[in-house]
There are 2 protein chains.
Amino acid sequence: MPLYFQVATRLQELIEKGEIGVGARIENEVDLAERLGVSRPTTRRAIQYLVERGMLVRKRGVGTQVVHPKVRRPVELSSLYDDLVAGDRAPRTEVLRLEVMPASDTVATALEIAPGTPVTWIERLRYAGGEPLALMHNAIPLDVLPLTGDDLAGHGLYELLRSGGLTPRIATQVIGARSATSAEAKVLQEKRGASLLTMTRTAWDAGGRALEYGSHVYRASRYSFEINLSAG
Amino acid sequence: MPLYFQVATRLQELIEKGEIGVGARIENEVDLAERLGVSRPTTRRAIQYLVERGMLVRKRGVGTQVVHPKVRRPVELSSLYDDLVAGDRAPRTEVLRLEVMPASDTVATALEIAPGTPVTWIERLRYAGGEPLALMHNAIPLDVLPLTGDDLAGHGLYELLRSGGLTPRIATQVIGARSATSAEAKVLQEKRGASLLTMTRTAWDAGGRALEYGSHVYRASRYSFEINLSAG
DNA sequence: TACCTCAGTTTGTCATGACAAAGTATTGAC
DNA sequence: GTCAATACTTTGTCATGACAAACTGAGGTA
């Protein structure tokens, strides 16, 4: 574990425990570095890390203050399944459809591939706490990762991508809303015309290769997106 | 202008012009630093800046590659008004209500202030391209900034905050959806029961002071949120 | 041919030193 | 007493040097 990360972790613990209160200034960089026996760049990097997470704020000529005792995590590239597991909401997945088919224009445009390129097309129904929560559609280029229904029933898509050595690094999401169609209302156990949250996402790996396109609808009555922002 | 920023800007221009294509590797840090006559930390910092914006990806032992020719801006702490101005969509604001009143429990909890603390409560109708787009409710603690209706008609709320010396640094947003009430449908020129996007946001300044609470509804037929993420 | 080892390349981490810029507090003059 | 100039504190930027860790590819061996 890098030294700067150890320092950041120690600072974070002090703040979370309340030993350095909100609004209080932390020790200046030079003294802190000396006391911990590390160099100032290392100390700066540790502080920078916490600043980026929204815990600290720096002011030249003034010092570094605590602004929030909890880490505000940046929006993460995780899948719904991961979020639900983390939230202890007992997710279950029903795979409604899984087949290899040529990419439609919509999918091809989103993934920046040629129309007709074979992709794995997946339709899943995601349950949480025994109730349906979301209807999910995904397209994964066949040459990126072959998938089976068994995998998908018990794991999140992003988990499968990662175990296949594929790491999503960049994604574009569009969040909107619309009314449920009859078919959607039926599988989601909502009334016809109920409001749904929609989210489409395209994710790329470090090499700029498109990994996944997703077009999902969530029951607005049971789900919302939470986003924490921090401006540098 | 800092040296590392000048280097980053030069690199960015090269990539945006396409002189360094997507997938291509850029010069290694040591050589680049020497050629530009700067130190390696400065070069690293410039590259780091572009990595954080999603243009470049680094791999130890391999090099630094271009993954996207355009900067993927992080989600910014801007207001809808600013977004619309930037998108050339001719925003107009109608102030429906503006009064000082004691904070409700909901508002007080969001702003982390005592219930009953005086806040300015604002209801606005935002138009874009001549059509209503969003119904916006805001609460600003009175001791943060006094506001008048004239200000709000011609400027975004965040613009006013900034001109008052208040800089939002951290915000939490929750995005959801629901059906329009009759009153909402009427002012937004939607049918009753139409799907609306909802967004609530609380913004804090660098000192951890809550600046603003907002609870807005957008016509889902005319608006959606776009979010770009980059991990790691 | 297939696999392993090892050298080379490139980024990751860390230390030390120095000066600049911005904000705060003190001191002095009027 | 008030205001302005000055000194001090603290973060921001930059240079130099060094070693570590991860990946690549060539070469040797079974």
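Scope of the values below: all heavy atoms of this structure, side chains included, with no hydrogens, waters or symmetry mates. Note on naming: letters A, B, ... go to the chains in the order of the sequence lines (proteins, then strands), and numbering restarts at 1 for each one. Since we're looking at a predicted model, the values are computed, not measured.
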Problem set entry | Under the side-chain contact (heavy atoms from CB on, under 4.5 Å) test, residues paired with B:Leu14 that sit two or more places apart | B:Glu19, B:Ile20

Exercise. What residues form a salt bridge (charged side-chain N to carboxylate O under 4.0 Å, His left out) with A:Glu99, not counting sequence neighbours?
Worked result: A:Arg97

For this session: For DNA chain D, find the residues of residues 24-32 of chain A with a heavy-atom distance under 4.0 Å and give them by number; none if there aren't any.
Result: A:Asn28, A:Glu29, A:Val30

Seminar exercise, completed: Sorted by chain and number, sequence neighbours left out, side-chain contact (heavy atoms from CB on, under 4.5 Å) with B:Arg60 holds for none

Exercise. Looking only at side-chain N and O atoms, does A:Tyr4 come under 4.0 Å of OP1 or OP2 in C:dC14?
Worked result: no

Problem set entry | Set of side-chain contact (heavy atoms from CB on, under 4.5 Å) partners for B:Ile122, sequence neighbours left out | B:Leu98, B:Thr120, B:Arg124, B:Asn138, B:Ile140, B:Leu147, B:Leu152

Problem set entry | Interatomic distance where CZ belongs to B:Arg45 and C1' belongs to D:dT13 [whole Å] | 7 Å

Exercise. Will you find, in the side chains of A:Gln65 and A:Arg25, an N or O donor that is under 3.5 Å from an N or O acceptor?
Worked result: no

Seminar exercise, completed: In B/S/- notation (B base, S sugar-phosphate only, - none; protein heavy atoms under 4.0 Å), nucleotides 15-26 of chain D written 5' to 3' is BB-B--BBB---

Seminar exercise, completed: Separation of C:dC14 atom C1' from A:Leu36 atom CG, nearest Å, is 14 Å

Exercise. Has A:Arg44 got a side-chain N or O lying under 4.0 Å from the OP1 or OP2 atom of D:dG12?
Worked result: yes

Problem set entry | Atom-pair distance (CD on B:Gln6; P on D:dG12), nearest Å | 19 Å

For this session: Starting at atom CG of B:Leu56, determine the distance to atom P of C:dG12, rounded to an integer number of angstrom.
Result: 12 Å

Problem set entry | For B:Tyr49, all residues meeting ring-ring contact (aromatic ring centres under 6.0 Å, His included), sequence neighbours excluded | B:Phe5

Exercise. Does the side chain of B:Thr64 get closer than 4.0 angstrom to OP1 or OP2 of C:dT11 through an N or O atom?
Worked result: yes

For this session: Would you kindly give the CD1-to-C1' distance between A:Ile47 and D:dT10, to the nearest whole Å?
Result: 11 Å

For this session: Would you check if there is a donor-acceptor pair between the side chains of A:Arg58 and A:Thr64 at a distance under 3.5 Å?
Result: no

Problem set entry | Partner residues of A:Phe225 under the side-chain contact (heavy atoms from CB on, under 4.5 Å) criterion, sequence neighbours left out | A:Ile175, A:Leu197, A:Met199, A:Tyr218, A:Tyr223, B:Ile175

Seminar exercise, completed: The salt bridge (charged side-chain N to carboxylate O under 4.0 Å, His left out) partners of A:Arg35 (sequence neighbours excluded) come to A:Glu27

